[in-house]
Amino acid sequence: GLATVNSRFGTAHGLSPEHAEQWLAHVGLEQPLEQIEGDAQIVADARRHLEEGVTALLDELRLSLDYYGSQEGTLPAQRIVVCGPGVAIPGLIARMEAGLPLPISVGRPSALEGFDPNVAARLTLPFGLALEQ
């Protein structure tokens, strides 16, 4: 999802991956650019990278859903579950829902419910990998 966006944006501005991720979350996809605090060029570039990333992600998801749906004997997909650091970006889920025919929900293990949403989003994958089968 966002690893490529984060990497491209960070490289373009000489930012560490953590700092680039913070900028992307700060800018998000909801607020008008003129209302977002910070260097106007970095804010605009972060938004551009996010917009391009969401478009690419939606294209990939549509192709995957089409491929899955064309397989004989498959059950129809009823929803999409997303997890990871991208869910902390304001407006990302709404933008994805507008571009896909299925509802989208955030997947978060109940063990991470007490954490800050940004921290929980970052811990979802490691938590899943640590589970015993």
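Excluded from the calculations below are hydrogen atoms, water molecules and symmetry mates; all remaining heavy atoms, backbone and side chain alike, are included. These numbers were taken from a predicted model, which means no experiment stands behind them.
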Legend entry - Option passing side chain to side chain contact (heavy atoms under 4.5 Å, CB included) with N6 (candidates L15, L50, L24): L24
Legend entry - Straight-line distance of E21 CD to F9 CZ, nearest 0.5 Å: 12.0 Å
Inset, instruction - Verify the cluster assignment for V106 and L123: are they in a single hydrophobic cluster under the rule of side-chain heavy atoms below 4.5 Å apart? - result: no
Inset, instruction - Work out which heavy atom in A25 is nearest to a heavy atom in P90; give both atom names and the distance. - result: O-CD, 3.2 Å
Legend entry - Minimal non-hydrogen separation, I80 against L102, with atom names: CG1-CD1, 4.1 Å
Inset, instruction - Please check if atom CZ in R108 has more than 12 non-hydrogen atoms from other residues, nucleotides or ligands closer than 6.0 Å. - result: yes
Inset, instruction - Find the distance between CG (D45) and NE2 (H49) and round it off to the nearest 0.5 Å. - result: 5.0 Å
Inset, instruction - Please report the closest heavy-atom contact between G86 and L2, naming both atoms and the distance. - result: CA-CD1, 3.1 Å
Inset, instruction - Determine, stepwise, if the pair L33 / I36 fulfils side chain to side chain contact (heavy atoms under 4.5 Å, CB included). - result: CA-CA 5 Å; L33 292 179; I36 301 171; 4.2 Å; yes
Inset, instruction - Indicate whether the side chain of R79 and that of S105 have a donor and an acceptor atom separated by less than 3.5 Å. - result: yes
Inset, instruction - Can you see which heavy atom on A77 is nearest to which on Y68, and at what distance? - result: N-CE2, 4.3 Å
Legend entry - Worked verdict on L92 versus V87 for side chain to side chain contact (heavy atoms under 4.5 Å, CB included): CA-CA 7 Å; L92 179 73; V87 301; 5.7 Å; no
Inset, instruction - Check the hydrophobic clustering (I, L, V, M, F, W, Y; side-chain heavy atoms under 4.5 Å; chains of links allowed) and say if F115 and L131 are grouped together. - result: yes
Inset, instruction - Without swapping roles, check the side chain of T74 against the backbone of S70 for a donor-acceptor pair under 3.5 Å. - result: no
Inset, instruction - Please check if atom CD in Q78 has more than 12 non-hydrogen atoms from other residues, nucleotides or ligands closer than 6.0 Å. - result: no
Legend entry - Nearest-0.5 Å distance that lies between atom SG in C83 and atom CZ in F127: 12.0 Å
Inset, instruction - Report whether L112 and I93 are members of the same hydrophobic cluster (ILVMFWY, side-chain heavy atoms less than 4.5 Å apart, transitive linking). - result: no
Inset, instruction - Output yes when E51 and R95 qualify as a salt bridge under the 4.0 Å nitrogen-oxygen rule, no when they do not. - result: yes
Legend entry - Aromatic plane relationship, H19 with W23 - under 30° parallel, 30 to 60° tilted, over 60° perpendicular: tilted
Legend entry - Q71 side-chain N/O to Y67 backbone N/O, donor-acceptor pair under 3.5 Å: yes
Inset, instruction - Check whether any side-chain N or O of S7 sits under 3.5 Å from a backbone N or O of A3 as a donor-acceptor pair, and report yes or no. - result: no
Legend entry - Residue pair D39 / Q41: nearest heavy atoms and the distance that separates them: OD1-N, 2.9 Å
Legend entry - Worked check of side chain to side chain contact (heavy atoms under 4.5 Å, CB included) between L65 and L63: CA-CA 5 Å; L65 289 168; L63 287 172; over 6 Å; no
Inset, instruction - Answer yes or no: is there an ion pair linking E30 with R47, defined by an N-O contact shorter than 4.0 Å? - result: no
Legend entry - Closest heavy-atom pair and its distance - A20, G10: CB-CA, 3.7 Å
Inset, instruction - Answer yes or no: does atom CD of E37 have more than 12 heavy-atom neighbours from other residues, nucleotides or ligands under 6.0 Å? - result: no
Inset, instruction - Show your working on side chain to side chain contact (heavy atoms under 4.5 Å, CB included) between E52 and V5 and close with a plain yes or no. - result: CA-CA 8 Å; E52 290 171 359; V5 174; over 6 Å; no
